[in-house]
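FYI, side chains are in, hydrogens and waters are out, and symmetry mates aren't considered; it's all heavy atoms of this structure. Numbered from 1 within each chain, the chains take letters A, B, ... in sequence-line order.
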Amino acid sequence: MQVQQLHPWPDTVEEAEAVQDRLRPRVELTGPASFDLVAGLDVHYHGDGELTAAVVVMDAGTLAVAEQVVAHGKAAFPYVPGLFAFRELPALVEALERLTVTPDLLVCDGYGLAHPRGFGLACHLGVLTGLPALGVGKTPFVGTHEPPGPERGDWTPITYDGAVVGRALRTRPGVKPVYVSQGHRVSLDTVTAQVLRLAPRYRLPEPIRRADHLARHP
DNA sequence: GCGACAG
DNA sequence: ATCTTGTCGC
């Protein structure tokens with residue numbers, strides 16, 4: 001599939017933040033509620049900044065794998081909280097460009113709107129591809145929230161600067177919640193419904209688990 | 001003011 | 001992210 005050009009690539013924290021501020025207005029917070037093909041994205045780090053990005057496309061209904069690709073590369077930016085996306089973006093974009101099918105939804109590991117400047121990895125990938133995208137985080141990042149109830153499907157809002165930016169969502173009974181947020185062209189209700197549907201058995205959505213496995217064992 | 005801070 | 005043993009549970 002085709003992905004929008006990345007350059008110019010930022011060299012400094014200030015330039016990276018400026019890129020986020022420039023792209024943030026392009027984020028759309030409404031869109032389709034159902035999808036045929038969903039793509040899970042993840043990156044695995046080796047040593048020396050070497051990394052492998054993996055994308056696994058699955059049938060949204062059956063969770064059968066439709067296509068999977070990897071791309072090797074190097075971390076493209078130092079790790080700075082809030083600028084995490086710049087480490088992985090080039091390798092993830094490269095992997096997406098190698099896909100012969102175009103997914104209808106990107107399921108990203110990391111945040112979307114629930115981000116210090118409202119523009120996490122899921123927003124960035126959504127805007128560059130034009131595709132609906134959502135973010136799934138494994139630890140709380142920004143904002144505050146109450147612990148959700150103990151049952152699968154229970155959730156509480158994540159609030160940041162007086163606005164709701166995501167949800168703490170229980171995907172397995174009695175297991176730590178995941179932290180979900182909108183990336184691009186999806187509502188928060190759709191994000192919640194899709195993550196629940198894509199995680200019928202484990203804490204994390206199946207597409208992310210498959211991508212994680214593929215990145216580790218290419 | 002200080003520490004913490006997606007992966 | 002990664003460094004790491006054993007342990008509990010399905």
Side-chain angles (χ1 to χ4, degrees), chain A residues 10 13 16-17 19-21 23-24 27 39-56 70-96 106-128 133-145 150 152 158-161 164-169 171-184 188 191 195 199-218:
Chain A
V13 165
E17 290 177 344
V19 170
Q20 292 181 329
D21 291 338
L23 295 180
R24 185 180 49 228
V27 168
L41 296 81
D42 196 19
V43 169
H44 180 252
Y45 291 79
H46 316 273
D48 276 334
E50 300 284 321
L51 53 78
T52 300
V55 178
V56 177
V70 297
H72 302 288
K74 290 182 176 180
F77 206 80
Y79 175 66
V80 180
L83 301 179
F84 159 68
F86 292 94
R87 290 176 74 68
E88 309 189 338
L89 228 26
L92 286 170
V93 166
E94 163 96 44
L96 285 170
L106 303 182
V107 181
C108 311
D109 79 306
Y111 282 94
L113 262 198
H115 173 277
R117 274 172 305 284
F119 196 76
L121 174 67
C123 299
H124 211 138
L125 281 166
V127 166
L128 290 180
L134 62 83
V136 181
K138 297 183 280 291
T139 62
F141 186 28
V142 295
T144 59
H145 64 90
R152 169 175 157 83
I158 299 172
T159 306
Y160 184 59
D161 276 349
V164 173
V165 296
R167 288 173 181 168
L169 172 65
T171 52
R172 291 204 64 189
V175 174
K176 277 196 307 181
V178 293
Y179 306 88
V180 302
S181 54
Q182 291 155 281
H184 187 50
L188 190 48
V191 168
V195 170
R201 181 166 168 151
Y202 299 105
R203 179 166 89 114
L204 292 176
E206 209 57 33
I208 289 184
R209 298 185 71 249
R210 299 295 289 255
D212 178 87
H213 184 86
L214 178 60
R216 290 174 194 270
H217 313 283

If you look at every strand shown and take non-hydrogen atoms under 4.0 Å, does [X] touch a base, only sugar-phosphate, or nothing?
{"X": "A/G82", "value": "base"}
{"X": "A/H44", "value": "sugar-phosphate"}
{"X": "A/L92", "value": "nothing"}

The answer to which of A/R201 and A/D212 contacts DNA chain C further toward the 5' end, by nearest nucleotide, is A/D212
Quick one: on DNA chain C, does A/R172 or A/V43 contact a more 5' nucleotide (nearest heavy atom)? A/V43
Expected output check: what is the dot-bracket annotation of DNA chain B, where ( ) and [ ] are pairs inside the strand (brackets for crossing ones), | is paired with another strand, and pairs are Watson-Crick or G-U under 3.5 Å? .......
Integer-rounded Å distance: B/dG7 P and A/L204 CG: 10 Å
Round to a whole Å and report the spacing from CZ of A/F77 to P of B/dA6. 16 Å
Secondary-structure stems for DNA chain C, with pairs counted as Watson-Crick or G-U when both distances are under 3.5 Å and runs at least 3 long: none
Protein-nucleotides 3-5 of chain B N/O pairs closer than 3.5 Å?
none

Closest non-hydrogen atom pair, A/G112 against A/A122: CA-CB, 3.8 Å
Going 5' to 3' along DNA chain C, which nucleotides are the first and last within contact of chain A (any atom under 4.0 Å from a heavy atom)? C/dA1 to C/dT2
A/F86 meets the ring-ring contact (aromatic ring centres under 6.0 Å, His included) criterion, sequence neighbours left out, with A/W9, A/F77, A/H124
Among all residues two or more places apart in sequence or in another chain, which pass the side chain to side chain donor-acceptor pair (under 3.5 Å) test with A/R203? none
